[in-house]
Amino acid sequence: MRDTSAIPVPKSETLLDWYDGHARKMPWRVGPAERKAGVRPDPYRIWMSEVMLQQTTVAAVKDYFLKFTGKWPTVSDLAAAEDADVMANWAGLGYYARARNLLKCARAVAAEHGGVFPQTYAELLKLPGIGPYTAAAVASIAFDEPAVVVDGNVERVMSRIFNVQTPLPDAKPELTEWAATLTPTDRPGDYAQAVMDLGATICTPRNPACGLCPWRDNCRARLEGTPTDLPRKKPKKAKPKRRGIAYIARRVDGAYLLETRPESGLLGGMLGWPGSDWAETDPVPAPPIRAEWKTLNEEAKHTFTHFHLSLTVLTALVPMERQPERGEFIEADAFDPASLPTVMRKAFALTDRGKT
DNA sequence: CAGGCGTGGGT
DNA sequence: TACCCAAGCCT
(Lines give C-alpha, C1' and ligand atoms only; values in the text may rest on other atoms or scores of the structure.)
Protein backbone atom coordinates (compact mmCIF):
# COMPACT_ATOMS: atom_id res chain seq x y z
CA MET A 1 0.00 0.00 0.00
CA ARG A 2 1.46 3.31 -1.05
CA ASP A 3 1.18 6.43 1.02
CA THR A 4 -1.70 8.25 -0.60
CA SER A 5 -2.06 10.85 2.12
CA ALA A 6 -0.08 13.38 0.09
CA ILE A 7 -2.51 13.28 -2.83
CA PRO A 8 -4.40 16.55 -2.97
CA VAL A 9 -8.17 16.45 -2.61
CA PRO A 10 -9.78 17.21 -5.97
CA LYS A 11 -11.34 20.60 -6.61
CA SER A 12 -14.80 21.02 -8.09
CA GLU A 13 -13.49 23.93 -10.16
CA THR A 14 -11.13 21.60 -12.00
CA LEU A 15 -14.00 19.34 -12.97
CA LEU A 16 -16.23 22.27 -13.92
CA ASP A 17 -13.52 23.61 -16.23
CA TRP A 18 -13.36 20.20 -17.89
CA TYR A 19 -17.16 20.11 -18.14
CA ASP A 20 -17.21 23.50 -19.86
CA GLY A 21 -15.26 21.94 -22.70
CA HIS A 22 -16.56 18.36 -22.67
CA ALA A 23 -20.21 18.38 -21.59
CA ARG A 24 -22.27 15.83 -23.48
CA LYS A 25 -25.23 17.25 -25.37
CA MET A 26 -28.60 15.78 -24.51
CA PRO A 27 -32.19 16.72 -25.35
CA TRP A 28 -33.00 17.60 -21.74
CA ARG A 29 -29.78 19.35 -20.89
CA VAL A 30 -29.00 23.05 -20.75
CA GLY A 31 -25.31 23.18 -21.60
CA PRO A 32 -22.76 25.08 -19.50
CA ALA A 33 -22.52 28.04 -21.88
CA GLU A 34 -26.30 28.50 -22.04
CA ARG A 35 -26.55 28.01 -18.32
CA LYS A 36 -24.01 30.78 -17.71
CA ALA A 37 -26.07 32.98 -20.03
CA GLY A 38 -28.97 32.57 -17.65
CA VAL A 39 -30.99 29.84 -19.33
CA ARG A 40 -32.80 27.76 -16.75
CA PRO A 41 -33.64 24.08 -17.26
CA ASP A 42 -37.31 23.12 -17.20
CA PRO A 43 -37.83 21.14 -13.95
CA TYR A 44 -40.43 18.99 -15.69
CA ARG A 45 -37.98 17.91 -18.37
CA ILE A 46 -35.17 17.36 -15.86
CA TRP A 47 -37.46 15.23 -13.71
CA MET A 48 -38.71 13.28 -16.73
CA SER A 49 -35.18 12.56 -17.92
CA GLU A 50 -33.96 11.56 -14.46
CA VAL A 51 -36.79 9.08 -13.96
CA MET A 52 -36.19 7.56 -17.39
CA LEU A 53 -32.46 7.38 -16.71
CA GLN A 54 -32.87 5.34 -13.54
CA GLN A 55 -30.87 2.17 -14.30
CA THR A 56 -31.22 2.93 -17.99
CA THR A 57 -28.72 4.04 -20.62
CA VAL A 58 -28.77 7.48 -22.22
CA ALA A 59 -29.05 5.88 -25.66
CA ALA A 60 -32.19 3.98 -24.67
CA VAL A 61 -33.80 7.03 -23.08
CA LYS A 62 -33.45 9.66 -25.80
CA ASP A 63 -36.31 8.60 -28.08
CA TYR A 64 -38.64 7.97 -25.18
CA PHE A 65 -37.85 11.38 -23.72
CA LEU A 66 -38.63 13.13 -27.00
CA LYS A 67 -41.82 11.11 -27.42
CA PHE A 68 -43.07 11.83 -23.90
CA THR A 69 -42.24 15.53 -23.85
CA GLY A 70 -43.66 15.92 -27.35
CA LYS A 71 -46.90 14.23 -26.39
CA TRP A 72 -47.10 15.80 -22.92
CA PRO A 73 -45.19 19.12 -22.94
CA THR A 74 -46.01 20.06 -19.35
CA VAL A 75 -46.56 18.24 -16.09
CA SER A 76 -50.23 19.23 -16.24
CA ASP A 77 -50.57 17.61 -19.66
CA LEU A 78 -49.07 14.43 -18.29
CA ALA A 79 -51.27 14.54 -15.21
CA ALA A 80 -54.32 14.56 -17.48
CA ALA A 81 -53.17 11.56 -19.53
CA GLU A 82 -54.83 8.16 -19.48
CA ASP A 83 -52.99 5.49 -17.52
CA ALA A 84 -53.07 3.04 -20.43
CA ASP A 85 -51.69 5.67 -22.81
CA VAL A 86 -48.72 6.37 -20.54
CA MET A 87 -48.00 2.68 -19.98
CA ALA A 88 -48.24 1.92 -23.71
CA ASN A 89 -45.79 4.70 -24.49
CA TRP A 90 -43.37 3.46 -21.82
CA ALA A 91 -43.46 -0.07 -23.24
CA GLY A 92 -39.97 -1.33 -24.00
CA LEU A 93 -38.16 0.96 -21.59
CA GLY A 94 -38.47 -1.41 -18.63
CA TYR A 95 -38.97 -1.01 -14.89
CA TYR A 96 -42.62 -0.21 -15.39
CA ALA A 97 -43.19 0.93 -11.81
CA ARG A 98 -41.39 4.05 -12.97
CA ALA A 99 -44.17 4.80 -15.45
CA ARG A 100 -46.87 4.25 -12.86
CA ASN A 101 -45.01 6.49 -10.40
CA LEU A 102 -44.33 9.05 -13.13
CA LEU A 103 -48.05 9.51 -13.57
CA LYS A 104 -48.72 9.49 -9.81
CA CYS A 105 -46.04 12.13 -9.37
CA ALA A 106 -47.38 14.30 -12.19
CA ARG A 107 -50.85 14.15 -10.69
CA ALA A 108 -49.50 14.99 -7.23
CA VAL A 109 -47.66 18.01 -8.63
CA ALA A 110 -50.77 19.10 -10.52
CA ALA A 111 -53.18 18.57 -7.63
CA GLU A 112 -51.11 19.44 -4.58
CA HIS A 113 -48.58 21.92 -5.95
CA GLY A 114 -50.63 23.81 -8.51
CA GLY A 115 -48.73 22.27 -11.41
CA VAL A 116 -45.41 23.67 -10.17
CA PHE A 117 -42.63 21.33 -9.08
CA PRO A 118 -41.46 21.77 -5.50
CA GLN A 119 -38.01 23.31 -5.50
CA THR A 120 -36.15 21.65 -2.65
CA TYR A 121 -34.55 18.26 -2.12
CA ALA A 122 -36.69 17.59 0.95
CA GLU A 123 -39.97 18.36 -0.83
CA LEU A 124 -39.05 16.51 -4.02
CA LEU A 125 -38.16 13.44 -1.98
CA LYS A 126 -41.75 13.14 -0.82
CA LEU A 127 -43.07 12.59 -4.34
CA PRO A 128 -43.70 9.10 -5.74
CA GLY A 129 -40.85 7.65 -7.77
CA ILE A 130 -38.42 10.28 -6.52
CA GLY A 131 -35.73 8.85 -4.25
CA PRO A 132 -32.51 10.34 -2.87
CA TYR A 133 -30.75 10.37 -6.23
CA THR A 134 -33.54 11.89 -8.31
CA ALA A 135 -34.44 14.46 -5.64
CA ALA A 136 -30.82 15.59 -5.49
CA ALA A 137 -30.45 15.65 -9.27
CA VAL A 138 -33.58 17.76 -9.83
CA ALA A 139 -32.84 20.04 -6.88
CA SER A 140 -29.32 20.75 -8.08
CA ILE A 141 -29.80 20.81 -11.85
CA ALA A 142 -33.14 22.63 -11.98
CA PHE A 143 -32.97 24.72 -8.80
CA ASP A 144 -29.26 25.23 -8.00
CA GLU A 145 -29.50 23.58 -4.60
CA PRO A 146 -26.12 22.09 -3.61
CA ALA A 147 -27.69 18.68 -2.99
CA VAL A 148 -25.42 15.65 -2.91
CA VAL A 149 -26.02 13.66 -6.07
CA VAL A 150 -24.98 10.01 -5.79
CA ASP A 151 -25.66 7.67 -8.66
CA GLY A 152 -23.66 4.75 -10.02
CA ASN A 153 -21.23 7.10 -11.75
CA VAL A 154 -20.58 9.10 -8.59
CA GLU A 155 -20.11 5.89 -6.61
CA ARG A 156 -17.49 4.73 -9.06
CA VAL A 157 -15.68 8.08 -9.22
CA MET A 158 -15.65 8.54 -5.43
CA SER A 159 -14.58 4.97 -4.74
CA ARG A 160 -11.59 5.45 -7.04
CA ILE A 161 -10.62 8.98 -6.03
CA PHE A 162 -10.66 8.00 -2.35
CA ASN A 163 -9.74 4.32 -2.80
CA VAL A 164 -12.77 3.00 -0.94
CA GLN A 165 -12.46 -0.78 -0.59
CA THR A 166 -15.78 -1.42 1.14
CA PRO A 167 -18.08 -3.29 -1.25
CA LEU A 168 -21.37 -1.82 -2.41
CA PRO A 169 -24.03 -1.42 -1.25
CA ASP A 170 -22.41 -1.17 2.22
CA ALA A 171 -20.09 1.56 0.91
CA LYS A 172 -22.95 3.85 -0.05
CA PRO A 173 -22.96 6.03 3.11
CA GLU A 174 -19.19 6.38 2.98
CA LEU A 175 -19.25 7.32 -0.70
CA THR A 176 -22.05 9.80 -0.06
CA GLU A 177 -19.92 11.48 2.62
CA TRP A 178 -17.00 11.80 0.21
CA ALA A 179 -19.32 13.15 -2.48
CA ALA A 180 -20.65 15.73 -0.02
CA THR A 181 -17.13 17.01 0.66
CA LEU A 182 -16.70 17.85 -3.03
CA THR A 183 -20.14 19.29 -3.82
CA PRO A 184 -19.79 23.04 -4.46
CA THR A 185 -22.26 25.80 -3.66
CA ASP A 186 -21.32 27.47 -6.95
CA ARG A 187 -22.79 25.76 -10.05
CA PRO A 188 -24.02 22.69 -8.15
CA GLY A 189 -26.18 21.58 -11.09
CA ASP A 190 -23.36 21.72 -13.59
CA TYR A 191 -21.13 19.98 -11.07
CA ALA A 192 -23.61 17.12 -10.67
CA GLN A 193 -23.83 16.66 -14.43
CA ALA A 194 -20.06 16.97 -14.70
CA VAL A 195 -19.34 14.10 -12.29
CA MET A 196 -21.83 11.92 -14.11
CA ASP A 197 -20.30 12.81 -17.48
CA LEU A 198 -16.87 12.04 -16.05
CA GLY A 199 -18.08 8.65 -14.87
CA ALA A 200 -19.80 7.90 -18.15
CA THR A 201 -17.01 8.94 -20.50
CA ILE A 202 -13.67 8.89 -18.61
CA CYS A 203 -13.96 7.03 -15.32
CA THR A 204 -15.70 4.05 -16.93
CA PRO A 205 -16.08 0.61 -15.32
CA ARG A 206 -13.81 -1.40 -17.66
CA ASN A 207 -11.25 0.78 -19.42
CA PRO A 208 -11.04 4.17 -17.73
CA ALA A 209 -9.23 6.86 -19.69
CA CYS A 210 -7.21 8.00 -16.69
CA GLY A 211 -4.81 9.97 -18.86
CA LEU A 212 -7.65 12.25 -19.91
CA CYS A 213 -9.14 12.66 -16.45
CA PRO A 214 -9.17 16.19 -15.03
CA TRP A 215 -8.80 14.61 -11.58
CA ARG A 216 -6.01 12.20 -12.56
CA ASP A 217 -3.58 13.75 -10.06
CA ASN A 218 -6.12 13.44 -7.26
CA CYS A 219 -6.99 9.78 -7.68
CA ARG A 220 -5.78 7.33 -5.04
CA ALA A 221 -6.89 4.26 -6.98
CA ARG A 222 -4.92 5.45 -9.99
CA LEU A 223 -1.82 5.84 -7.84
CA GLU A 224 -2.38 2.30 -6.55
CA GLY A 225 -2.73 1.18 -10.16
CA THR A 226 -6.03 -0.56 -9.48
CA PRO A 227 -8.88 1.74 -10.52
CA THR A 228 -10.78 -1.05 -12.27
CA ASP A 229 -10.95 -3.03 -9.01
CA LEU A 230 -13.30 -0.32 -7.77
CA PRO A 231 -15.99 0.00 -6.77
CA ARG A 232 -16.07 -3.42 -5.14
CA LYS A 233 -19.45 -5.10 -5.18
CA LYS A 234 -21.01 -7.96 -3.30
CA PRO A 235 -21.42 -11.07 -5.48
CA LYS A 236 -24.73 -11.47 -7.26
CA LYS A 237 -27.07 -14.40 -7.05
CA ALA A 238 -27.56 -16.72 -9.98
CA LYS A 239 -30.76 -16.34 -12.00
CA PRO A 240 -33.06 -19.38 -11.94
CA LYS A 241 -34.80 -20.57 -15.11
CA ARG A 242 -38.56 -20.24 -15.23
CA ARG A 243 -41.02 -21.30 -17.89
CA GLY A 244 -44.56 -20.46 -18.83
CA ILE A 245 -47.18 -20.43 -21.55
CA ALA A 246 -48.50 -17.42 -23.51
CA TYR A 247 -51.75 -17.62 -25.44
CA ILE A 248 -52.10 -15.51 -28.56
CA ALA A 249 -55.70 -15.64 -29.76
CA ARG A 250 -56.63 -13.88 -32.98
CA ARG A 251 -60.27 -13.36 -33.78
CA VAL A 252 -61.35 -13.82 -37.39
CA ASP A 253 -61.77 -10.04 -37.74
CA GLY A 254 -58.15 -9.54 -36.73
CA ALA A 255 -58.69 -8.54 -33.10
CA TYR A 256 -56.22 -9.89 -30.51
CA LEU A 257 -57.02 -11.16 -27.03
CA LEU A 258 -54.95 -9.24 -24.48
CA GLU A 259 -55.16 -8.48 -20.79
CA THR A 260 -53.91 -5.70 -18.55
CA ARG A 261 -51.66 -7.15 -15.87
CA PRO A 262 -52.19 -6.36 -12.19
CA GLU A 263 -50.86 -2.97 -11.01
CA SER A 264 -48.17 -4.44 -8.80
CA GLY A 265 -45.51 -6.99 -9.56
CA LEU A 266 -43.71 -7.95 -12.74
CA LEU A 267 -44.76 -5.88 -15.78
CA GLY A 268 -47.39 -4.33 -13.51
CA GLY A 269 -50.06 -2.35 -15.34
CA MET A 270 -48.81 -3.44 -18.75
CA LEU A 271 -50.74 -5.08 -21.55
CA GLY A 272 -49.80 -8.69 -22.25
CA TRP A 273 -50.86 -12.05 -23.61
CA PRO A 274 -52.92 -14.07 -21.17
CA GLY A 275 -50.97 -17.05 -19.89
CA SER A 276 -49.89 -19.40 -17.16
CA ASP A 277 -47.89 -18.40 -14.13
CA TRP A 278 -44.13 -18.33 -14.66
CA ALA A 279 -42.37 -20.76 -12.38
CA GLU A 280 -39.43 -23.14 -12.13
CA THR A 281 -41.90 -26.02 -12.35
CA ASP A 282 -43.85 -27.16 -15.40
CA PRO A 283 -46.44 -24.52 -16.33
CA VAL A 284 -50.09 -25.29 -15.70
CA PRO A 285 -52.12 -24.71 -18.88
CA ALA A 286 -54.54 -21.79 -18.54
CA PRO A 287 -56.15 -21.03 -21.92
CA PRO A 288 -58.10 -17.75 -21.74
CA ILE A 289 -60.64 -18.85 -24.34
CA ARG A 290 -61.88 -22.14 -25.77
CA ALA A 291 -60.04 -22.84 -29.02
CA GLU A 292 -57.87 -25.26 -30.96
CA TRP A 293 -54.52 -24.15 -29.65
CA LYS A 294 -51.44 -24.82 -31.74
CA THR A 295 -47.98 -24.79 -30.16
CA LEU A 296 -45.30 -22.84 -32.01
CA ASN A 297 -42.11 -24.81 -32.52
CA GLU A 298 -39.95 -21.99 -31.16
CA GLU A 299 -40.08 -20.57 -27.63
CA ALA A 300 -39.74 -16.94 -26.62
CA LYS A 301 -36.60 -16.49 -24.55
CA HIS A 302 -36.23 -13.52 -22.27
CA THR A 303 -34.16 -12.54 -19.24
CA PHE A 304 -35.60 -10.41 -16.48
CA THR A 305 -33.72 -8.87 -13.59
CA HIS A 306 -33.90 -11.96 -11.44
CA PHE A 307 -34.78 -14.93 -13.67
CA HIS A 308 -34.54 -16.37 -17.18
CA LEU A 309 -37.81 -17.13 -18.90
CA SER A 310 -38.67 -19.58 -21.63
CA LEU A 311 -42.15 -18.98 -22.90
CA THR A 312 -44.09 -21.56 -24.90
CA VAL A 313 -46.35 -19.72 -27.35
CA LEU A 314 -49.75 -21.11 -28.31
CA THR A 315 -51.86 -19.55 -31.05
CA ALA A 316 -55.47 -19.94 -32.13
CA LEU A 317 -57.98 -18.43 -34.53
CA VAL A 318 -61.35 -17.92 -32.86
CA PRO A 319 -64.82 -17.08 -34.22
CA MET A 320 -66.51 -13.71 -33.64
CA GLU A 321 -69.08 -14.88 -31.11
CA ARG A 322 -66.69 -16.79 -28.87
CA GLN A 323 -66.38 -15.11 -25.44
CA PRO A 324 -63.06 -15.14 -23.57
CA GLU A 325 -62.77 -16.26 -19.96
CA ARG A 326 -59.95 -13.79 -19.42
CA GLY A 327 -58.76 -10.64 -21.13
CA GLU A 328 -60.46 -8.66 -23.85
CA PHE A 329 -60.21 -8.37 -27.59
CA ILE A 330 -58.44 -5.33 -28.98
CA GLU A 331 -59.46 -4.40 -32.50
CA ALA A 332 -56.87 -4.89 -35.22
CA ASP A 333 -56.48 -1.18 -35.92
CA ALA A 334 -56.01 -0.41 -32.23
CA PHE A 335 -53.38 -3.09 -31.67
CA ASP A 336 -49.75 -2.05 -31.77
CA PRO A 337 -47.05 -4.54 -30.74
CA ALA A 338 -44.93 -1.55 -29.71
CA SER A 339 -47.32 -0.97 -26.83
CA LEU A 340 -46.36 -4.34 -25.33
CA PRO A 341 -43.49 -5.01 -22.96
CA THR A 342 -40.56 -6.61 -24.75
CA VAL A 343 -41.16 -10.18 -23.59
CA MET A 344 -44.72 -10.03 -24.96
CA ARG A 345 -43.46 -8.48 -28.19
CA LYS A 346 -40.99 -11.36 -28.53
CA ALA A 347 -43.82 -13.86 -28.19
CA PHE A 348 -45.85 -12.08 -30.85
CA ALA A 349 -42.82 -11.89 -33.14
CA LEU A 350 -42.80 -15.70 -33.28
CA THR A 351 -46.27 -15.84 -34.83
CA ASP A 352 -46.81 -15.62 -38.58
CA ARG A 353 -48.30 -12.14 -38.40
CA GLY A 354 -45.61 -10.98 -36.00
CA LYS A 355 -42.88 -11.81 -38.48
CA THR A 356 -44.03 -9.19 -40.97
C1' DC B 1 -33.69 -4.28 4.24
C1' DA B 2 -32.60 -7.67 0.86
C1' DG B 3 -34.88 -8.60 -2.91
C1' DG B 4 -38.21 -7.41 -6.66
C1' DC B 5 -38.22 -4.94 -10.62
C1' DG B 6 -36.68 -4.61 -17.64
C1' DT B 7 -34.10 -4.07 -21.28
C1' DG B 8 -30.41 -3.60 -24.70
C1' DG B 9 -25.64 -3.26 -25.49
C1' DG B 10 -20.90 -4.57 -24.56
C1' DT B 11 -17.21 -8.05 -23.81
C1' DT C 1 -22.12 -18.09 -23.87
C1' DA C 2 -22.81 -15.92 -19.88
C1' DC C 3 -21.93 -12.69 -17.72
C1' DC C 4 -21.72 -7.34 -16.63
C1' DC C 5 -23.46 -3.00 -16.89
C1' DA C 6 -26.70 1.67 -17.20
C1' DA C 7 -28.32 8.90 -14.07
C1' DG C 8 -32.58 3.71 -8.46
C1' DC C 9 -36.95 3.18 -6.07
C1' DC C 10 -40.13 0.66 -3.32
C1' DT C 11 -41.53 -2.63 0.05
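It should be emphasised that the depicted structure is a prediction, and the values quoted were computed from it without experimental measurement. By convention in this document, chain letters (A, B, ...) are assigned in the order of the sequence lines, proteins followed by strands, and residues within each chain are numbered from 1.
Side-chain atoms of Thr56(A) and base atoms of dG6(B) include a donor and an acceptor less than 3.5 Å apart. Judged by atom type and distance alone, Thr305(A) does not reach the base of dG4(B) through any side-chain donor-acceptor pair under 3.5 Å.
Toward the 5′ end of DNA chain C lies the nearest nucleotide of Thr57(A), the other residue of the pair Leu125(A) and Thr57(A) mapping further downstream.
Contacts of residues 139-161 of chain A with DNA chain C (heavy atom under 4.0 Å): Asp151(A), Gly152(A), Asn153(A), Arg156(A). For DNA chain B, no neighbouring residue in residues 177-184 of chain A is found when judged by any heavy atom under 4.0 Å.
Residue Trp47(A) is classed as having no contact, given no heavy-atom separation below 4.0 Å to the nucleic acid. At a threshold of 4.0 angstrom between heavy atoms, the contacts of Ser49(A) with the nucleic acid are absent. Heavy atoms of Gly265(A) sit under 4.0 angstrom from primed sugar atoms or phosphate atoms, though from no base atom.
Going from atom CG of Leu53(A) over to atom C1' of dT7(B) covers 14 Å, rounded to whole Å.
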Protein-nucleotides 1-3 of chain B N/O pairs under 3.5 Å:
unit_1, atom_1, unit_2, atom_2, d
dG3(B), OP1, Lys237(A), NZ, 2.3

Determine all donor-acceptor pairs shorter than 3.5 Å in which one atom belongs to a side chain in residues 76-87 of chain A; sequence neighbours excluded.
unit_1, atom_1, unit_2, atom_2, d
Asp77(A), OD2, Thr74(A), N, 3.1
Asp77(A), OD2, Thr74(A), OG1, 3.0
Asp83(A), OD1, Arg107(A), NH1, 3.2
Asp83(A), OD1, Arg107(A), NH2, 3.0
Asp85(A), OD1, Asn89(A), ND2, 3.0

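Nucleotides of DNA chain C with any atom under 4.0 Å from a heavy atom of chain A span, from 5' to 3', dC4(C) to dC10(C).
For the pair Leu266(A) and Trp278(A), the tightest heavy-atom approach, listed with the atom from each and the gap, is CD2-CZ3, 3.5 Å.
Within the 4.0 Å cut-off from OP1 or OP2 of dG8(B), at least one side-chain nitrogen or oxygen of Thr342(A) is found.
The hydrophobic cluster containing Tyr121(A), built from Ile/Leu/Val/Met/Phe/Trp/Tyr side-chain heavy atoms closer than 4.5 Å, also comprises Leu125(A).
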